[in-house]
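Structure first, then comments.
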There are 2 protein chains.
Amino acid sequence: MAAKMERVAKPQMPTEAAQAHRFGKARTAQSTALLEDYVELISDLLASSGEARPTDVARRFGVSHATAIKTIARLKREGLATSKPYRGVFLTQEGEALAERVRARHRLVVDLLVAVGVPPDCAEADAEGIEHHVSDVALDAFRHFLARR
Amino acid sequence: MAAKMERVAKPQMPTEAAQAHRFGKARTAQSTALLEDYVELISDLLASSGEARPTDVARRFGVSHATAIKTIARLKREGLATSKPYRGVFLTQEGEALAERVRARHRLVVDLLVAVGVPPDCAEADAEGIEHHVSDVALDAFRHFLARR
DNA sequence: CCTAATTTGTAGCCTTGTCTACACTTTGCC
DNA sequence: GGCAAAGTGTAGACAAGGCTACAAATTAGG
Ligand SMILES: [Mn+2]
Ligand SMILES: [Mn+2]
Ligand SMILES: [Mn+2]
Ligand SMILES: [Mn+2]
């Protein structure tokens with residue numbers, strides 16, 4: 001029953017393919033978000049204290065040290081970090097480059113949020129999640145907006 | 001060796017607790033992002049065609065129908081949707097309310113992005129991920145910005 | 001130097017989210 | 001009305017990300 005001839009309202013929906021593609025992109029971003037946050041955090045720890053120990057990473061990240069160690073293992077598997085037992089974590093060239101990009105993007109997102117009126121603390125908090133979903137094109141737009149506002 | 005007295009550069013890092021809290025919030029947002037996208041999508045399908053079949057949801061979402069069915073099961077478990085075998089999915093009152101909020105937020109985020117100069121297609125794509133990490137405070141700021149720009 | 005505290009590593013276990021493969025209903029069409 | 005196609009559901013596998021509990025190594029004090 002129902003919908004004899006689907007001629008009702010039908011507000012504009014994107015095409016199936018386009019929508020699937022968008023959702024897929026968001027899913028991919030999620031899967032790399034963790035790695036991005038870890039390399040950024042490790043890079044910060046290295047810069048500010050000269051070392052990045054798993055326990056520090058875990059505390060900063062708010063997870064158990066076992067979880068941090070597993071994620072660091074993934075970082076190594078993906079060629080972003082190195083570490084030897086009981087020796088702290090370091091970033092590969094690739095890892096440091098990623099950290100640099102991620103850090104810059106994080107700052108840009110925070111700046112944009114603040115520029116449109118989001119309170120700084122809130123901007124900082126929201127940016128931690130938002131940053132991983134902002135494309136390069138959008139980042140360019142952010143830069144232009146900040147430059148000429 | 002190294003760091004005899006950590007008096008080096010030390011660019012401002014947030015406190016451990018604050019940073020852990022931020023990361024924790026981003027993690028939580030991620031875990032609800034999927035549910036939000038599903039209820040929004042189901043609501044759209046119901047509005048535009050009168051029914052939301054698992055296969056449609058799967059195609060729109062870009063996953064296998066088995067995956068969609070499992071996520072729909074989670075929706076039901078959490079009191080957001082109902083369904084009987086071979087009969088399509090419907091939203092509970094709570095689910096429809098969530099869909100409404102999510103839809104409005106999605107639009108607001110897209111509008112904000114466009115307003116700061118992000119190309120519409122890009123805005124639409126990025127918003128799909130960003131939306132789940134924008135707090136109510138930030139949304140208010142977005143509204144004000146859009147109103148008085 | 002020895003011992004105790006801290007850090008690190010490992011070993012399960014759980015939940016989510018994804019897939020493929022197979023079985024069962026329902027639908028559509030001749 | 002019956003058969004093929006389409007849709008639906010279930011089962012089993014995997015990876016990621018989280019946890020707790022325990023074991024081993026390192027570091028720090030006395
Ligand atoms: Mn982040
Ligand atoms: Mn960040
Ligand atoms: Mn979304
Ligand atoms: Mn959305």
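As the structure is a prediction and not an experimental result, all values here were calculated from the model. Here is how names work: the chains are called A, B, and so on, in the same order as the sequence lines, proteins then strands, and each is numbered from 1.
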Heavy atoms within less than 4.0 Å of DNA chain D: which residues of residues 51-61 of chain A have one? Give them sorted by number.
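Within residues 51-61 of chain A, no residue comes under 4.0 Å of DNA chain D.
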Looking at [X], does any N or O in its side chain come under 4.0 Å of the phosphate oxygens OP1/OP2 on [N]?
X: B:R77; N: C:dT16; value: yes
X: A:S64; N: D:dG18; value: no
X: B:R27; N: D:dG18; value: yes

Nearest nucleotide by nearest heavy atom, which residue falls closer to the 5' end of DNA chain C, B:E78 or B:V63?
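Comparing both residues, the 5'-ward one is B:E78.
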Mind checking which stems touch DNA chain D? I mean at least 3 consecutive Watson-Crick or G-U pairs, both distances under 3.5 Å.
C:1-30 with D:1-30
Go through A:E40 and A:L98 one step at a time and tell me if the side-chain contact (heavy atoms from CB on, under 4.5 Å) criterion holds.
CA-CA 8 Å; A:E40 187 185 358; A:L98 176 58; over 6 Å; no
Salt bridge between B:E16 and A:R59, side-chain N to carboxylate O under 4.0 Å?
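Looking at B:E16 and A:R59, the cut-off is met.
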Could you check whether A:D44 pairs with A:R103 (Lys NZ or Arg NE/NH1/NH2 to Asp/Glu carboxylate O, under 4.0 Å)?
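Salt bridge between A:D44 and A:R103, a charged N being under 4.0 Å from a carboxylate O: yes.
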Distance check needed: [N] [atom2] versus [X] [atom1], whole Å only.
X: A:E36; N: D:dA16; atom1: CD; atom2: C1'; result: 16 Å
X: B:I69; N: D:dT8; atom1: CD1; atom2: P; result: 7 Å
X: A:K70; N: C:dA11; atom1: NZ; atom2: C1'; result: 8 Å
X: A:L45; N: C:dT7; atom1: CG; atom2: P; result: 14 Å
X: A:R74; N: C:dG9; atom1: CZ; atom2: C1'; result: 20 Å
X: B:L75; N: C:dT15; atom1: CG; atom2: P; result: 19 Å

Which residues pass the side chain to side chain contact (heavy atoms under 4.5 Å, CB included) test with B:T32, sequence neighbours left out?
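Once residues adjacent in sequence are excluded, the partners of B:T32 under the side chain to side chain contact (heavy atoms under 4.5 Å, CB included) criterion are B:E36.
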Residues that A:R77 engages under side chain to side chain contact (heavy atoms under 4.5 Å, CB included), provided they are two or more places apart
A:R74
With side-chain hydrogen bond (donor to acceptor under 3.5 Å, both in side chains) as the test, would you mind laying out the steps for B:T28 and B:S31 before giving the verdict?
CA-CA 5 Å; B:T28 300; B:S31 106; over 6 Å; no
Pairs touching residues 70-111 of chain B that satisfy ring pair (Phe, Tyr, Trp, His ring centres under 6.0 Å), sequence neighbours left out
none
Checking side-chain contact (heavy atoms from CB on, under 4.5 Å) for the pair B:D111/B:F142: CA distance, chi angles, key distance, verdict?
CA-CA 9 Å; B:D111 288 349; B:F142 289 3; over 6 Å; no
Each nucleotide N or O in nucleotides 21-28 of chain D that has a protein N or O under 3.5 Å away: list the pair and distance.
{"unit_1": "D:dA25", "atom_1": "O4'", "unit_2": "A:Y86", "atom_2": "OH", "d": "3.0"}

CD on A:E94 to CG on A:L75, rounded to 0.5 Å:
10.0 Å
Looking only at side-chain N and O atoms, does A:S83 offer a donor or acceptor that is under 3.5 Å from a partner on A:K76?
yes
Parallel, tilted or perpendicular: which describes the rings of B:F61 and B:Y38, with under 30° parallel and over 60° perpendicular?
tilted
Between D:dG17, D:dC19, C:dG9, which nucleotide has the shortest distance from any of its atoms to the side chain of A:T67?
D:dC19
